[in-house]
Amino acid sequence: MTAPRDSPPPTPPPPARAQALLDWFAAWQRDLPWRSAQPDPYAVLVSELMLQQTRVDTVKPYFARWMSNWPTPTALAAASTDEVLAAWTGLGYYNRARNLHKAARIIAADHNGALPRDRAALGALPGVGPYTLGAVRSIAFGQPEPLVDGNVGRVLSRWTASRLPATSTAGKKALWSLAQELMETPPARSAPGAWNQALMELGALVCTPKKPACSSCPVAEWCAAHAAGIADQLPVRKPKKPPKPVIAAYLLLMRDDGKLWCGQRAAKGRWAGLWEPPGVEGPDSASVLQATFDLGGEHEVLPTIVHVLTHRRYEVTPVLVRSDNAAPPLAPLGYVAERWISPAAAVASTSGFSRLGARLVAAAAAAGQDL
DNA sequence: AACACGGGGGC
DNA sequence: GCCCCAGTGTT
């Protein structure tokens with residue numbers, strides 16, 4: 001029973017691989033605000049929600065402000081939706097803020113203000129999907145729950161040289177299955193939080209999307225993609241669709257004191273609950289805006305603003321109008337509230353404006369100065 | 001299975 | 001300009 005001489009190096013028993021990675025993590029892990037030997041489960045939940053599809057460095061200042069504003073689930077539960085959204089302004093994917101807020105209210109009402117350790121109860125909280133369930137259970141409670149995020153998917157795809165796209169159904173199934181299996185090996189099972197964070201940290205610091213630093217990798221000798229020299233070609237990605245173009249026109253109605261007439265978007269959909277100057281989407285948006293607000297009189301068309309989201313490319317025509325202090329109703333355009341807002345308040349990062357809304361306000365303020 | 005949902009940082 | 005990030009919820 002001898003292995004053929006030219007076969008890949010024999011794979012050591014899993015515990016050796018796992019221990020190598022755990023040792024690396026112990027030596028090289030970053031000092032992050034939500035990391036602690038005895039983590040606060042609520043802090044873990046907040047950080048994990050903020051980190052969904054968002055980089056660590058982006059999250060840091062938001063996390064600090066959030067924990068300062070609302071140090072406990074009970075404190076967060078008592079906050080208003082507007083306050084919560086304002087604190088999230090600029091972070092994107094605003095439904096995460098709504099979910100965190102709802103989760104806090106459930107925790108306060110049903111769990112005595114403490115995160116439930118129970119798998120089903122935790123997974124039932126809004127915003128807690130498979131990844132976050134694994135993160136909170138393993139990191140906050142030390143429970144042997146696997147997780148797969150973008151980093152782990154990349155690391156494990158390379159480790160096994162998997163040709164399945166990590167985002168495909170089959171690929172995800174294989175990755176979660178492997179993550180589960182790894183979690184059951186002795187060193188991982190004894191340190192679930194460190195193990196999961198080690199996989200993610202490796203993906204963030206060493207096993208990066210481009211130019212992975214295999215020479216610094218603690219588990220390179222067991223990596224199938226590295227052995228085959230294809231680490232930088234994995235994971236296989238699914239072709240992505242181009243962003244959809246959106247034509248829009250926005251009304252910048254400016255009062256004598258410089259304030260702008262703004263509306264709050266509906267609670268569902270893009271920029272849910274956020275404020276912005278009133279706008280219309282569609283190829284005929286400019287004429288619709290014209291008709292809706294009867295812009296026959298004096299108005300100024302400002303330079304087009306291009307605002308790119310992941311799946312949308314906005315081409316916005318801002319129309320500046322001097323108000324005679326009339327305040328047209330915005331409900332017909334789908335807004336659920338309306339008020340005059342000073343440009344300074346709108347552009348401040350705690351205002352509950354979308355980035356596009358803030359850009360429009362800034363454009364209005366700049367143009368208004370020249371008049 | 002596909003889509004909706006933001007924004008920013010690195011190259 | 002492109003990639004992709006500590007993903008989840010809806011259809």
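So you know, we letter chains A, B, ... as the sequences are listed, proteins then strands, and number each from 1.
Taking a 4.5 Å side-chain heavy-atom cut-off between Ile, Leu, Val, Met, Phe, Trp and Tyr, the cluster of A:I247 contains only that residue. Residue A:Y93 belongs to no hydrophobic cluster, having no ILVMFWY side-chain heavy atom closer than 4.5 Å to its own.
Within a heavy-atom distance below 4.0 Å of DNA chain C, the residues of residues 119-143 of chain A found are A:P126, A:G127, A:V128, A:G129, A:P130, A:Y131, A:T132. Contact check of residues 33-43 of chain A against DNA chain C (heavy atom, cut-off under 4.0 Å) returns A:W34, A:R35. Within residues 146-159 of chain A, the residues approached by DNA chain C to less than 4.0 Å at the level of any non-hydrogen atom are A:D149, A:G150, A:N151, A:R154, in residue-number order. DNA chain B is contacted by A:G269, A:R270, A:W271 of residues 260-279 of chain A, taking any non-hydrogen atom closer than 4.0 Å.
For A:F63, the ring-ring contact (aromatic ring centres under 6.0 Å, His included) criterion is met by A:W34, not counting sequence neighbours. For A:P328, the side chain to side chain contact (heavy atoms under 4.5 Å, CB included) partners are A:L253, A:W261, A:F293, not counting sequence neighbours. Annotation: side chain to side chain contact (heavy atoms under 4.5 Å, CB included) contacts of A:R98 (sequence neighbours excluded): A:T81, A:L85, A:N95, A:A267, A:A272.
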Parsed dot-bracket for DNA chain B after applying the Watson-Crick and G-U rules with both distances under 3.5 Å and | for other-strand partners is |||||.|||||
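One can find a donor-acceptor pair under 3.5 Å joining the base of C:dC4 and the side-chain atoms of A:R55.
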Which pairs of donor and acceptor atoms, one on a side chain in residues 144-154 of chain A, lie under 3.5 Å apart (sequence neighbours left out)?
from, atom 1, to, atom 2, distance (Å)
A:E145, OE1, A:R119, NE, 3.2
A:E145, OE1, A:R137, NE, 2.8
A:E145, OE1, A:R137, NH2, 3.2
A:E145, OE2, A:R119, NE, 3.0
A:E145, OE2, A:R119, NH2, 2.8
A:D149, OD1, A:N151, N, 3.2
A:D149, OD1, A:V152, N, 2.8
A:N151, OD1, A:R154, NH2, 2.7
A:R154, NE, A:C207, O, 2.7
A:R154, NH2, A:G203, O, 2.8
A:R154, NH2, A:C207, O, 3.4

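Residues in residues 193-212 of chain A take part in these salt bridge (charged side-chain N to carboxylate O under 4.0 Å, His left out) pairs, two or more places apart or across chains: A:R30-A:E201, A:R35-A:E201.
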